[in-house]
Structures are given as C-alpha cells and as structure tokens.
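To start, the structure itself, in structure tokens.
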There are 2 protein chains.
Amino acid sequence: MEERTLELPTHCQRTDLPDSVVQWDSREDCEVRKQLDRLADKWTLQVLALLDHRTHRFNELQRRLEGVSHRMLATTLRQLERDGMLIRTVHPTVPPKVEYTLTPLGRQLHGLMRPFVDWAESNTRTIAMARTAFDARATGQ
Amino acid sequence: MEERTLELPTHCQRTDLPDSVVQWDSREDCEVRKQLDRLADKWTLQVLALLDHRTHRFNELQRRLEGVSHRMLATTLRQLERDGMLIRTVHPTVPPKVEYTLTPLGRQLHGLMRPFVDWAESNTRTIAMARTAFDARATGQ
DNA sequence: CAGCATCCTTTGCGATACTG
DNA sequence: CAGTATCGCAAAGGATGCTG
C-alpha cells in the first residue's frame, strides 16, 4: 500500500521533505505548539474564560481563580498581553488600578476552545470507563 | 452592575458556589484540564495526527517523530491507550509486532483540534506583530 | 494594588541500560 | 522489536519579600 502526502495538520509540516520528517518541530519555531502550550498551561484558559465574561482587575482575577499564585497570574497575563490577546489598562491613581480586557483575538481564541471543552465534558464518563477497564486489565493479570 | 451566572465553560464550574469559587480546579478532578494537559504535552498531538492518518507500529512512530525518546513515546501511547483513544494490538510473533490504531474517540479528539490549528496558523503573523509591538514598548521606554 | 526579583520544590523528559 | 526502570538535569511553578 503506497503512502502519500500525509493528511496531517499542515502548520509545521514540511511537505517538501520525505514524510520521515513530518514533525511540527515539537519545541521551536512552531507557532501552533506554542499557542497550545499557552492554552494548556495551568491558568491561561481560566483567565480567558473570566475575561471573556467581562473586564477584570488583577486582584479580582486572583480571588476568583483561588489557587493561582500572584507570580503566575502576573506571568500569564503578561504573556497574553504580549500575544495581543488582552489589553492592560493602567489607571494612574493611588493606589493603582489595572484592568484587563480581552481583545477580539482573545475572544476568538477562547471561543475556539468551546467545542473541545464540551467534548471533554461529555466524554468524561466514557474516558473514566476506559481507564477503569485498562487498569483492571493491567492489575488483573 | 449586578453580576450573574458566569458564561464560563460549565465543566468544572461550581454554580452552587459564590463566584469567588469559579475554579475548574486547575489540577485535580477536572477532566477538561487533564485532557488539555494531555493534548499540549510534547508528543500527544503529533501521535494523534500520525495515527489519524493510519495505523502505525511503535518504531515507525518513533522514526517519524524524530526527536521523541523511546521512553516518552511509550508513555504517551500508554496514556492514550488508557484513555481509550487508541487500541494497542500485540501480534504474538518473534520479534514482537505491536500496532497502534486510533479509536473513533481518538479521531474525534484529533478532529477537534483542527479549528484551533487553523486559527493558530492563520494568526501567526498577527501574533508576531503584537509581540514585536509589545517588546518595543517594553524596551523603548 | 499591582508587579517585579529571589529562592526552593516539583515535575517533565531525555539518556541509558536491562528484559521478554 | 517493544517495553520497563533508574538516573539526572532543566524548566515550571509556588512562596515570599521589596518597590512605586
């Protein structure tokens, strides 16, 4: 059976090379991987969710996330800001007041995750059962 | 302005609690987060992509991924198998021959990532520009 | 209040070596 | 060929304390 052009996500695929070199280039260069890493980090998606609902202040986010460290929230927000997913507005008052608002791009990104989230939710049971079965097989014999 | 039920992904949201306790519970219990973590780990998505194309043997995958360690490929495959995303078939020959095939569930999962991948690809430039602008602001002043 | 820098623990993952 | 176990390094991330 002859092999042909892979039906892989094209992003980091190098169609000019033999398919032994498919790679998205797991770490470097690959924008898709980087975005995926961002999304899957501990807080990004939750921040997106909260900000998609409405603008929040820093401490407001921190209280709602409950468990996030000051440091990681700051880091997460900075990276999202850097990528153009949110706008950081500093009100020059004392004490300072900083507000975070999603950009349209940020809303798009969050919106894209919905199908995935729904899928994960609706397949929780299925997956749990698969695991139980697997573990039984592993332990049993 | 009164706050109301959050328009957050509902999965790990606890609507029975005040919204200070939104949390998906970043680590434990949350199936969505776990799946997201899986997807974003270094190799899972690439494995899904290859297997969505066709059944592969272990070493075949390893060669194609080029860069994956034996250990991590085995781990990745095991977890996908445990979650019911793929089937591992052992042919009782010498030397052994083991084949990995996606289940319908696994195909669904991979399919779900396509919109995201497309989005990430088509916004690479936009994001890069946002970064350049951000870094300029940061350095400049 | 917001956000850096410092320190220290935990996790991820590659390298390697051994088994059926 | 496929899989497991042990080791060690490097990155992620939490705690805490200092600054405007």
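The separation between B:His56 atom NE2 and D:dC1 atom P is 16 Å, rounded to whole Å. The CZ-C1' distance, from B:Arg63 to D:dA2, rounds to 13 Å in whole Å. Between B:Leu77 atom CG and D:dC1 atom P the separation is 16 Å, expressed in whole Å. Here the P atom of nucleotide C:dC13 and the CG atom of B:Leu65 are 13 Å apart, to the nearest Å. The distance between atom CG of B:Asp37 and atom P of C:dC13, rounded to the nearest whole Å, is 10 Å. Distance NZ (A:Lys34) to P (D:dA12): 13 Å, rounded to an integer number of Å. One atom, CZ of A:Arg38, and another, C1' of D:dA11, lie 14 Å apart when rounded to the nearest Å. Remark: P of D:dG3 and CZ of B:Phe58 are 6 Å apart, rounded to the nearest angstrom.
The side chain to side chain contact (heavy atoms under 4.5 Å, CB included) check on A:Thr132 picks up nothing, with sequence neighbours excluded.
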Let's go through A:His56 and A:Arg64 carefully: what are the C-alpha distance in whole Å and the side-chain angles of both, what is the deciding distance for side chain to side chain contact (heavy atoms under 4.5 Å, CB included) to 0.1 Å, and is it a yes or a no? CA-CA 10 Å; A:His56 281 74; A:Arg64 294 192 124 188; 2.8 Å; yes
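In this structure, B:Arg88 does not reach the D:dA2 phosphate: none of its side-chain N or O atoms is under 4.0 Å from OP1 or OP2. At C:dG3, one or more side-chain N or O atoms of A:Tyr100 fall inside 4.0 Å of OP1 or OP2 (strictly under the cut-off).
Heavy-atom minimum distance, B:Gln46 versus B:Lys42: NE2-O, 3.0 Å. Between A:Leu105 and A:Asp83, the shortest heavy-atom contact is CD2-O, 4.1 Å.
The shortest distance between side-chain heavy atoms of B:Phe58 and B:Leu73 falls below 4.5 Å.
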A correct 5'-to-3' footprint of nucleotides 14-20 of chain D, with B, S and - meaning base, sugar-phosphate only and no protein heavy atom under 4.0 Å, is BB----B
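Here the side chain of A:Pro95 is nearest to one of C:dC1, C:dC13, D:dA2, namely C:dC1.
Relative ring orientation between A:Phe116 and A:Trp119 is described as parallel, the plane-to-plane angle staying below 30° on a 0-90° scale split at 30° and 60°.
Between the side chains of B:Glu99 and B:His91, at least one donor N or O sits under 3.5 Å from an acceptor N or O.
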